[in-house]
Amino acid sequence: MLKNNPLLSIVVPIYNTEQYLVQCLDSLVNQTLHNIELILVDDGSTDRSAEICRQYALKYPFIKLIRQKNSGVTKALMAGMAEVTGEYYSFCGSDDFVDCDFYKNLIETALEKNADIVQCDYSMFYADDDVVSCTENVTAKAVVRFDNIAEDIMDVMLLSPSLTVRRVHRTSLMRKYNIEFDPDIRIGEDLFFSCCTLLVCKYIAYTQQDGYFYRQNREGRLTFIGDERIMDLFKIFDKLDIFIEKNKLKKNWVLSHLAINIPLHQLYRVDKNLQCKYLNELSERVTLKNYVRYVVSGFVYSFKTRFFKYFILNWICSNTLFVAMIFRKIKPISHFMLRATLFFRKGGFMKRFLRLGC
């Protein structure tokens, strides 16, 4: 990067979020980290979002405004990433907002630790102004050393693989490995991008700050979509295999765990008319190798977090998933056992079990 380039580029994909956009942009232009650029990508908004972006771009010289025909969030992110010039980059949802010191703290940690990625806590922000802090104390204790650098990158992938908005990333690493969002992935695009960056980075730092407010319960968020697009979750892991082979990387057992665990946890969102197809695809991926890696990773998680509840859950789920694997060619049995695995994995029954035990 050239010396006169910004320290940080922030990419903001925007589509019809006029209700929240001013709050988002105000929080970004008022950052105490001044050496930044904001890349706003208006993805063909039909409300006042485009006009709001234009007004901010005219007022603030460090804002780049990109306008494109509506093509979806993945292509909006791709367009924004092509314009990044900062030493580090990050993302912000156009309906989210951040504290004024949020990026300053992340960048200072990145420079101090010479980290490829810095990760922090975040907060869920609900429509009634209720804020739920999502601290990752358990994750941090499990994966970082005394200097707040992750001991094992794959542990980070196992414990907190996604949500790129609470991270800053070194730009040169992205350029070196040609890491891009994939336009074929219409849901979970941040998961694919995140796994690629985690696979190639050497140092991840963790800072226990809580300055990103991730808006929930907003109509239209892709996280609530369960139609045909949710099948793209399986594409993610196929494309990760291609990325690993192309860059001559070592495929870690963690990816086999995620290839089962993430689609399993999204099952409750799948439309009813798609559930059979979805379960068929999932059951085909519960091979012996993936099953063994899933079980081992679950117990590694329990050991690292020293959380006895998860040890019990993993023992139960390993049994139900084993039956699903054995009978994966007999779909009714396999489907039933996959649903049972999800039921136990969600852990609701454990609360009753522990209460009864007391």
Side-chain angles (χ1 to χ4, degrees), residues 8-33 36 38 40 73 77 88-110 113 115 117-144 148 150 155-169 187-191 193-194 197-198 204-225 262 265-266 269 305 307 346-347:
L8 177 68
S9 300
I10 305 169
V11 178
V12 187
I14 299 161
Y15 179 72
N16 288 357
T17 52
E18 63 174 353
Q19 182 179 350
Y20 316 105
L21 188 54
V22 170
Q23 183 182 25
C24 171
L25 295 181
D26 279 346
S27 74
L28 294 176
V29 299
N30 289 305
Q31 287 295 297
T32 54
L33 177 70
I36 65 174
L38 302 183
L40 311 183
V73 65
L77 288 165
Y88 287 85
Y89 66 90
S90 189
F91 307 100
C92 184
S94 61
D95 52 349
D96 303 333
F97 58 98
V98 294
D99 281 341
C100 62
D101 293 326
F102 180 70
Y103 291 110
K104 181 181 179 182
N105 293 334
L106 288 176
I107 289 297
E108 284 180 347
T109 302
K113 306 295 183 183
I117 293 175
V118 180
Q119 177 170 309
C120 67
D121 296 333
Y122 62 100
S123 291
M124 299 286 196
F125 186 82
Y126 291 87
D128 57 1
D129 290 341
D130 186 27
V131 177
V132 178
S133 181
C134 298
T135 61
E136 296 195 336
N137 292 335
V138 173
T139 300
K141 290 177 182 177
V143 304
V144 302
N148 287 334
D155 285 345
V156 179
M157 189 180 292
L158 171 63
L159 297 172
S160 53
S162 194
L163 200 58
T164 54
V165 292
R166 44 76 181 272
R167 294 175 179 153
V168 295
H169 315 72
I187 189 170
E189 67 286 336
D190 64 328
L191 174 62
F193 190 91
S194 176
T197 56
L198 289 170
I204 297 179
Y206 172 83
T207 175
Q208 190 177 342
Q209 71 172 78
D210 185 357
Y212 191 96
F213 296 90
Y214 185 47
R215 194 179 300 274
Q216 303 297 298
N217 295 346
R218 179 179 76 79
E219 184 178 354
R221 262 206 186 271
L222 287 181
T223 47
F224 293 99
I225 289 177
I262 289 178
H265 275 272
Q266 300 307 313
R269 289 178 175 160
T305 59
F307 203 175
K346 288 174 71 175

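The figures that follow rest on heavy atoms only: side chains count, while hydrogens, waters and symmetry mates do not.
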Hey, does [Y] have a side-chain heavy atom less than 4.5 Å from the side chain of [X]?
| X | Y | value |
| --- | --- | --- |
| Tyr103 | Val98 | yes |
| Lys104 | Gln31 | no |
| Ile107 | Thr109 | no |
| Val73 | Glu189 | yes |
| Asp26 | Phe97 | no |
| Arg167 | Val118 | no |
| Tyr122 | Leu163 | yes |

Nearest-0.5 Å distance that lies between atom [atom1] in [X] and atom [atom2] in [Y]:
| X | Y | atom1 | atom2 | value |
| --- | --- | --- | --- | --- |
| Cys24 | Asp95 | SG | CG | 7.5 Å |
| Leu40 | Ile10 | CG | CD1 | 10.0 Å |
| Gln209 | Cys120 | CD | SG | 4.5 Å |
| Tyr88 | Ser9 | OH | OG | 13.0 Å |
| His169 | Ile204 | NE2 | CD1 | 9.0 Å |

* Check the pair Asp121, Tyr212 against side chain to side chain contact (heavy atoms under 4.5 Å, CB included), reporting the backbone distance first and the verdict last. => CA-CA 8 Å; Asp121 296 333; Tyr212 191 96; over 6 Å; no

* **Intermediate values then yes/no, side-chain hydrogen bond (donor to acceptor under 3.5 Å, both in side chains), Arg215 and Gln23** => CA-CA 12 Å; Arg215 194 179 300 274; Gln23 183 182 25; 2.8 Å; yes

So, does [X] use its side chain to make a donor-acceptor pair with the main chain of [Y] at under 3.5 Å?
| X | Y | answer |
| --- | --- | --- |
| Gln216 | Tyr214 | yes |
| Thr197 | Ser194 | yes |
| Thr32 | Cys100 | yes |

So, applying side chain to side chain contact (heavy atoms under 4.5 Å, CB included) with [X], which one of [options] is it?
| X | options | answer |
| --- | --- | --- |
| Ile36 | Val29, Leu8, Leu28 | Leu8 |
| Cys92 | Leu38, Val12, Val165, Leu25 | Val12 |
| Ile117 | Val168, Leu106, Leu198, Thr164 | Leu198 |

* **No-hydrogen, no-angle side-chain donor-acceptor test under 3.5 Å, Ser123 and Asp210** => yes

* Taking the six-membered ring for Trp, is the centroid-to-centroid distance between Phe91 and Phe193 below 6.0 Å? -> yes

